[in-house]
Each structure stands twice: as structure tokens, then as C-alpha cells.
Amino acid sequence: MLIAEDEIPQQDNLISLLKPYEPRIEIVGTAPNGDDALKLFKTLEPDVVFLDIKMPGMNGIEAAKQIAGQSRIVFITAYDQYAVQAFENEAIDYILKPVTTARLGKTIERLENH
Amino acid sequence: MDPWEIIMPESHTLKQNLKYALITAVLNTSIAFVLSASIYKEPITKQLVCSNLIGFSIFACVRSFDFLYVRKKIGNPVFVKGAGLFLGIIIGSLSSWIYLSASWQMTLGFFFKNVLLNLAVFGILFGLPIVYYFSSRRELTASRQQVQDEKIRRLTIEKEAAMTSLRLLQAQIEPHFLFNTLSTVLSLFETDVEKAKMMILDLNIFLRGCLDSTRKRMITLEKELEITAHYMNIFKIRMGTRLAYSIENQTGLTDLPFPPLIIQPLVENSIKYGLEPKPEGGAIYISCRHLSSVLEIIIEDTGLGLEKDMVNPGIGLDNVSRRLESIYGDNAGLIIEPVEPAGTRVTIRIKQ
């Protein structure tokens with residue numbers, strides 16, 4: 001799994017929330033913005049990408065457009081207005097921050113069923 | 001509505017002119033009695049007639065010239081008074097001579113030698129105050145109106161300042177800022193409790209500063225810098241290495257009065273539009289100096305620069321600018337300029 005999130009505390013939080021799911025879920029890389037996320041995506045080829053939406057430079061939605069079809073995408077964001085756009089880009093899920101263990105659990109379920 | 005008011009300018013309504021005419025008549029009559037009692041020892045009727053002839057000639061001429069000035073914009077206030085008075089005296093004197101010579105068979109020569117000079121002198125003596133009174137009334141009203149307008153303007157600015165203060169406060173407790181900050185605090189509980197505590201403290205102090213700003217018109221420069229520092233600390237935790245900052249207060253004045261929420265909104269703009277959208281982030285430098293009774297505050301960032309900043313100048317810049325104007329008037333100035341190689345600099349100068 002690749003995580004794209006610009007704020008370190010949020011990144012750390014997500015990583016720690018995902019720890020219980022090892023080794024099913026392995027975090028192969030993190031990126032602080034859309035451009036870096038795409039670069040890492042090309043080299044690492046993860047099968048799941050967690051994308052924050054509001055990031056400097058290229059945002060999550062734009063990055064998703066480039067990844068579309070090649071991986072499963074989950075959006076994690078503070079803003080709810082991008083939900084429709086997100087699903088148009090074939091997102092598996094759209095989680096609102098702050099992320100809770102329960103909500104993350106549902107996302108993992110969805111991922112495993114896809 | 002007085003039908004005259006439709007065609008006459010405000011100071012030339014029938015009512016006004018009748019009022020002035022009455023005053024003139026009273027003045028003329030009093031002058032006549034005074035002269036009769038003191039200098040001329042002539043029959044009072046003659047005094048009365050001459051006095052009124054001169055007085056009303058002056059009145060008619062000055063009012064006509066004034067009307068031309070107000071309505072047709074011919075001439076200027078001085079010309080109106082001077083020419084009106086002059087012409088009025090001549091016409092008044094001539095008509096007096098006609099009257100007097102009709103009853104006394106006075107020759108023109110005699111008239112010129114003895115009477116005209118006196119008439120002219122008294123015409124000027126008494127005419128001047130009358131002329132001045134009538135045409136100054138308007139200027140006096142105009143200047144009173146100006147004072148009134150100035151008062152209204154000042155009150156409007158003050159009201160706007162209060163409204164913008166309120167809006168500013170609402171913007172500070174803007175949902176997204178609070179939400180994102182609390183979100184980060186929540187995240188930090190899992191991974192770094194000490195940082196979480198620090199962040200809550202920063203938020204606490206910052207919000208208290210905001211509340212204070214609605215209650216106090218002025219705080220101190222140090223206090224404002226403190227509020228701004230805590231605000232930046234919050235973002236520093238969220239942005240990590242993407243935000244660096246430095247605050248330099250070289251004024252040496254610890255209790256310098258300063259309005260609240262002037263520097264912080266500018267820093268907010270720098271972060272929101274300059275640094276946050278920039279992948280590598282940047283730095284904010286705040287410096288305060290006090291040179292030859294001018295307080296100079298510079299807020300400089302190495303962000304995306306002006307074009308991006310100006311996409312949404314919004315609350316911050318506008319409010320700050322207007323509040324500075326309402327508090328310091330022309331003594332305060334705010335300049336925004338780009339910085340090389342990238343970034344924006346805002347300079348505030350306040351004459352103390």
C-alpha cells in the first residue's frame with residue numbers, strides 16, 4: 001500500500017492505525033504530495049493507494065485520475081465535497097478525517113472484497 | 001414645496017431672499033436713525049430713503065451676482081462680494097442723488113464733491129458686513145455640512161472596523177482551521193502525546209488572543225507577536241519541515257500599543273496561499289523595527305508569490321488594511337510586493 005498525505009501527524013496516525021492489519025497490509029511507501037505519489041506509484045506498483053485530497057502541488061483527485069484502473073484507490077480527507085468526484089474516479093472508499101479504527105475497518109473489508 | 005425652490009438654488013428661495021431683504025431693511029433703517037441723530041442732522045425721511053436706496057441697491061446687486069455664481073457658475077465668491085458691493089454703491093448713490101436733487105435741486109457737481117464720497121464710505125462701511133453676512137452664510141453652512149460629513153465618514157469607518165473585527169473573529173474560529181487542527185491533535189494522541197498537548201496549548205492561547213481582540217481596541221506589539229507565534233506553531237506541527245519561521249522584535253519597546261489581529265491574518269495569508277500549496281513549503285520571516293518614530297513591520301514569506309496570493313485576497317488583507325486606516329488614518333501604510341526568487345513581502349509602516 002502507498003500512502004499520500006501531506007501532514008506528518010496524519011500520516012503517522014494512519015500508519016499506526018494500519019499496524020494491526022500487518023502482514024495482510026504492507027505499507028511500501030509514503031508521499032507528501034501528488035507528484036511524489038505518482039513517482040512512487042510507478043516504481044513500487046502498489047495494489048492499494050490511500051490518497052489525501054488537499055495536498056500541495058498536484059492534489060489527490062488529479063493523482064487518482066492518473067492511477068485509475070491500475071490500482072485500488074481510497075480517499076482519506078477532511079473535506080466532504082469531493083465525494084462524487086472521488087467515486088467518478090473509481091474510488092473504493094472515501095473516508096472523512098479524523099479516521100477512526102471502526103471506519104478504517106470497514107474500508108479494509110471493502111478492499112478485501114474487491 | 002415652495003415653487004421657487006424648484007427653479008432657484010437652495011440659498012435663493014423666495015423665503016430666503018425675503019428674509020434677507022427684511023434684515024437689510026431693518027439695518028438700513030437703523031443706520032438712517034443713527035446717522036440722523038449723529039452726523040447729518042437732516043430730516044429723517046431723507047435719511048431713511050437714502051439709506052434704504054443704497055442698502056437695497058447693494059442687496060439687489062450682491063444677491064443677483066450671487067445667484068449668477070450659484071446657478072450659472074459665473075465668477076467666484078470674492079468677485080461676487082466685491083463687484084456686487086461696488087455696483088450696489090454706485091446704483092444706490094445715483095438713485096440717492098436723483099432723489100435728493102429732485103427735492104433739493106442739488107447739482108451733480110455738488111453731489112459728487114460732498115455727498116457721493118460720504119455715501120461711498122458709508123456704503124462700504126455698512127455694505128461690507130451685510131454682503132459678507134449674506135454670502136458667508138452659505139459658505140458657513142457648507143463648511144458645517146463638511147464637518148458633519150466628516151463625522152459621518154468617521155463613524156462609518158468605525159462601524160466597519162467593528163464589523164470586520166467580528167468577521168475576523170468568525171474567520172479565526174473558521175471551521176476548517178479548527179477542524180483540521182483538532183484532527184491533527186487527535187492523530188497525535190496515538191503517536192506523540194507531548195506534541196498533542198503542545199498543540200492544544202497553542203490553540204488555546206491563540207483562541208484566547210482572538211477573543212481578546214474583540215474586547216480590546218489595542219493590545220501590545222509583543223502580545224500580537226505572541227499570538228502569531230502560537231498560530232504558526234500549530235501549522236509547524238502540521239506541516240513539519242515545510243514551515244520554518246522567525247520573529248524578530250528589534251523595537252526594544254515592550255509595551256508599544258498595537259491593534260490585535262493585524263500581523264496574524266497576514267501570516268495566515270502567507271501560509272494559506274503561499275506556503276501550504278507549495279510542495280517543498282518555505283519560511284516566514286517577521287521583523288519589527290522602530291526608526292525615527294516610524295514603526296516598521298515586515299512579514300515576508302518564501303511562498304508561491306503574489307499571483308497565487310491574490311487569487312483570493314479575501315478577508316485578511318482587506319480587513320487589515322481598513323482597520324489600520326480606521327485606527328491610524330493616513331499615518332499607517334501597507335505595501336505588498338513580490339520577493340526574489342519567490343515569495344511575498346508585506347510591509348506595514350506606522351508613524352507614531
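Chain naming here is simple, since letters A, B, ... match the order of the sequence lines and numbering starts at 1 in each. Note that this is a predicted model, so its numbers are computed, not measured.
Residue B:Thr191 touches chain A through its side chain alone, counting heavy-atom pairs closer than 4.5 Å.
Dense packing is recorded around CG of A:Asn113, with more than 12 heavy atoms of other residues, nucleotides or ligands lying under 6.0 Å away.
Annotation: residues 235-253 of chain B contacts chain A through B:Ile237, B:Arg238, B:Arg242 [non-hydrogen atoms, separation under 4.5 Å].
Salt bridge A:Lys97/A:Glu5: present, at least one basic N to carboxylate O contact under 4.0 Å. Salt bridge annotation for A:Asp93-A:Lys106: absent, with no cationic side-chain nitrogen under 4.0 angstrom from a carboxylate oxygen. Salt bridge B:Glu194/B:Lys197: present, at least one basic N to carboxylate O contact under 4.0 Å.
Heavy-atom pairs under 4.5 Å with chain B peak, among A:Ile15, A:Asn13, A:Leu17, A:Asn33, at A:Asn13. Between chain A and the options B:Glu276, B:Glu190, B:Lys195, B:Glu280, heavy-atom pairs under 4.5 Å are most frequent for B:Glu276.
Remark: the backbone N or O of B:Thr347 is not paired with any side-chain donor or acceptor of B:Glu296 at under 3.5 angstrom.
In this structure, B:Ile205 CD1 and B:Asp212 CG are separated by 12.0 Å, a value rounded to the nearest 0.5 Å.
In plain terms, the two heavy atoms of B:Leu221 and B:Leu295 that are nearest each other are CD2-CD1, 4.3 Å.
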